[in-house]
Every structure is written in C-alpha cells, then in structure tokens.
Amino acid sequence: MKLLLLADMLRGDKHADRVVPPSGHTAWLTSFTAAAMTFLAVFALALSLASGRLADRWGDALARSATIRISAPTGQMDAQTRAVLDVLATTPGIARARAMTDAEQRALLEPWFGPDLPLDALPIPRLIEITEDDAGYDSEGLRQRLTAEAPGAVLDDHSRWRKPLVMAAERLRLLGLMSILLIGATMAAMIILAANAALAANAQVIRVLRLVGARDAYIARAFVRRFTLRTLAGSTLGAILGMLGAALLPSADVAGGFLTGLSFQGAGWLLPLILPPLAALVAFAATRFAAFRKLKELT
Amino acid sequence: MIAFENVAYSYGGGELLSEVSLRLAPGSFHFLTGPSGAGKSTLLKLCYAELLPTAGHITLFDRDVRSLSRDEVALMRRRIGVVHQDCQFLDHLPLSANVTLPAMVSGRDSAIADLDDLLNWVGLAKLTASLPPQLSGGERQRAALARAVIMSPDVLLADEPTGNLDWEMSLRLLTLLVELNKMGKTILIATHDMNLIRAAKQQVPARVLRIAKRRVQLAGADL
C-alpha cells in the first residue's frame, strides 16, 4: 500500500508542486543530512560485511582443523608420534592427519626466535595437524584414546581461542547493522524536524489551501514529494562518495589482517546502491507522518 | 443549503453569537450587517466550517458539520465559494494560478479551461501573470471573486468584499454578485455598507440580516 502511494507520489502533480513555495534552508539541510548519513551508512555496511566475512572464515576454516601437541622425551618422540597417527587413522571423522616437519615447525617459531633456532637442542613438542571431515570427530573420545596410547599427546581443537574471536566478529557485524539502523533512524528524525519546520513556515499557504477545498493528502503530497526527492538526491550523492571512499581502502591482505579487508568484495559492491531508495522510503514515511500530524495541528 | 439551529459560538470565555437560527435557501440573496466586532466574519466562518459552533447545530448541504471528517469538510468547501476580507492569496503564485487554485486542488482541469472567460468577466484578463502583491485593492477583490466562483459553487460567501474599494468599483463587484445570483447561486455578503445594500435591493430581492446583541435578526425593509 505504502509502495503504491510512493509510486503515485513520485509521478508527481505539476499543480501540487507549485502551490508550496520553494523553501530555503530545509532544502539543503535535508539533502546534506541524507548525503552525510548515507556516506556513514556505506561504511557501516562495509564494516558489517567485513566482520561477517571474518566470522565466517574463523568459524568455518578454523573449526575444521585441530592440532595435537606431543611432549615426550627425545627417545619416545617418534614412537608416540606413530602411535598418535595410528590412533588418528582409525578415528572416524578425521579426513587428514600429518606430523609437521622440522622445517615447518622452525618456520612457525622463526618470527619469535629467529632463523638460527637449534631445534634439535631444544625440547620442542611435535605438532600433528588434523583436518576433520564434514561429519566431524568426537573430541572427548579422541582425548581419552590419546591418553591411553600416547600420554604426551594433547589435543587442541582451537575452540579456546577461536570462540572469542568468532564472537567478537559476530558482535562487530551486529554493531555494523545496528549502526545502519541508527543512521536510518537519525535521518528520519532529521527529516521530520526539517519537514515540521517547512510545514510551520508554510502555515498560511496550508490555511489557504484548506480554505479552497484541498484535502490533507493533497497538501501532504506536495511536501512529501519534495522531501523524498531531496533525500533521494542527497543519498545518491552520499552513496557514490561512500563507495569511492570504500574503493580507496587497502585491499584485503593476509599480512594486514582485518583492517585491510574492510572494502566491499564482489557482489557486495551492489549493496550500497540499495541505500538511496531505502533512504527515500524512510523520508517518504517520515515526511508523511510529520505532514499529517502537523496538518491536524495547523488547521 | 446552510441552516443554523440555535447556534452559539464562544471565544475566549465570552459568547460572540447566541441562539442564532437561520436558513439560506437555494438561490437566495442575503446581506449580513452589524457593527464591527459583532461577529459577521465569525458567522461566515461557521458557514464554511472553519469554525465549529460551541452550541446548537449547523447543517451544510444536509450534513451536520460536527459529523464531517477533515476530508469531507474539504469536499464541502468546494461547493462554497468564499471571498475573504483579506483575499487570502498565495503571494508566490501569479494571478491565474491563484484564481484556479480551487480547481487545481480538486483536480478539475475543465474548470481551469474557463479561466480566460472568467478573468474577462471580472476585468482582469490582462493581469494573469501578475503576482498578488502587484495588484490594487479592487483587482485583488475581483480576483478573489473569480477564485470563489471558478468551481461554480452552490453558495457564495463574501466578507466585506467592497471594504477597500471606491464606490464605482463596489458597484461593479455588486453587479457581478447579482449576476451570479441570477444564475441560481446562493449569496451571503457580510458588510456594513448600507449604500451597497440599498443598491443591491434595487436589483435583487435581497434580505438583510443584522447581528445585534449576539443574535441575528431580520432587519427592517427600509434599508
């Protein structure tokens, strides 16, 4: 119903557009507010999408991998490693399991200890990388079997540090979406204030229109159309500027982490284009609400 | 058309009109007189539902005004042309747009097609592009009359329509109102200009209502 009204309103009425005099400050105030709010909404959207991607990546990729750490005397290390691999080979839900080589372990430690780490001289635990299949494995059962077969083996399924990270990313995504809602509500409030100011400034015009037989819907339409189109224009400009800003952000890079992946990706670039029509819809509803309420007060 | 039954109107704690009963029959011509502040404009405003009575009943075209919704009041006003004392124009619109305003808001483009004839009738054909502030008092009153009749209303109300006019222009405006009455329109003119009333009574069987002591009475035939 409201969409039909919106379509009817956008078609316009050449007479209704003329009866309300062009207003000064409310015109640019509405357009500026719409542009600024949409610009901010583009970045909130980008933040929300990036957080979503991060949460998915951490939640999905890391959930499918685990590590077994074997701490044993040098003489028993190979035997316990074999025992663990044997256990893993017969454990349902394990797709792959392999012991990391000395070179891989050295590479892992290199950022902290440098390239000349004497791996042979240090009691470095052996790491076994596990990738689970779609069905997954029973981590508690695996722990019990490892305790029996290889007492030095400890299963780390990453849940201890993965969960808070996924939760943080989810919260960040929620925060982004809430920001968009708040931006929309703020824009609606600003437009209502501007519409009220325009209606109050045109009280005499409204009085004359009522006296000659204009219905509230006719008078409201003149204001609603004006504010909706101004918002659409301002919001379109804001969206374009926001997308340009997002395009200038650094592209996703593993070394840069989360902050370099904030821009839109793929079809995500289409999402900011939804913001101007949404802003126009918000303006339409807000001005219509303000106009009908104010008209009842004025006449 | 318009009927008052024991109508009272109070404003600011005081009663301005009391026990007013009157009936404007179709095609009738009435004057409303009384001293300044007696309530002539208030009574006219009650006639087109800009004000609602504080007591009694007003019936417009067989409908009680209190039962009308805002939209119904708007539709009712399309049947009542009003010439306001201060004309009530939109100063940013040219004369032609101001005159056609009632037709514009009601979507009756056919009425707009008659604009040239109408402006010729009131003698403003050459001023269509003028803005209201550029018009003289007489031109504004005639433009207001043109706007009041463009929708061919059943009733025409005029509040001191000759208040700012010289006698020659007043007679010209009166002639236009008499012509409308002869076309079957119901006319009610609020004025304190006795000469205008006498001039009208020579042309039409006008009745004169007088507001005195908050009540409306039928004035003597010697006016």
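As a basis for the values below, the full set of heavy atoms in this structure was taken, side chains included, without hydrogen atoms, waters or symmetry mates. So you know, we letter chains A, B, ... as the sequences are listed, proteins then strands, and number each from 1.
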With a 4.5 angstrom heavy-atom cut-off, could you sort out which part of I219(A) is near chain B: side chain, backbone, both or neither?
neither
Testing the basics here: between [X] and [Y], what is the closest heavy-atom pair and its distance to 0.1 Å?
| X | Y | value |
| --- | --- | --- |
| A214(A) | A74(B) | O-CB, 3.6 Å |
| V105(B) | Y218(A) | CG1-CE2, 3.5 Å |
| L101(B) | V19(A) | CD1-CG1, 3.6 Å |

Would you say that more than 12 heavy atoms from the other residues, nucleotides or ligands in this model lie under 6.0 Å from the [atom1] of [X], or not?
| X | atom1 | answer |
| --- | --- | --- |
| R171(A) | CZ | no |
| R207(B) | CZ | no |
| F292(A) | CZ | yes |
| H92(B) | NE2 | yes |
| Y11(B) | OH | no |

So, taking the atom named [atom1] in [X] and the one named [atom2] in [Y], what distance separates them when rounded to the nearest 0.5 Å?
| X | Y | atom1 | atom2 | value |
| --- | --- | --- | --- | --- |
| R207(A) | H84(B) | CZ | NE2 | 7.0 Å |
| R70(B) | R210(A) | CZ | CZ | 4.5 Å |
| L75(B) | R215(A) | CG | CZ | 5.5 Å |
| L211(A) | R77(B) | CG | CZ | 5.5 Å |
| M104(B) | L209(A) | CE | CG | 10.0 Å |

Side chain, backbone, both or neither: which part of E50(B) has a heavy atom under 4.5 Å from chain A?
side chain
Please flag which part of R147(B) lies under 4.5 Å from any non-hydrogen atom of chain A: side chain, backbone, both or neither.
side chain
With a 4.5 Å limit on heavy-atom distance, are the side chains of V208(A) and N98(B) in contact?
no
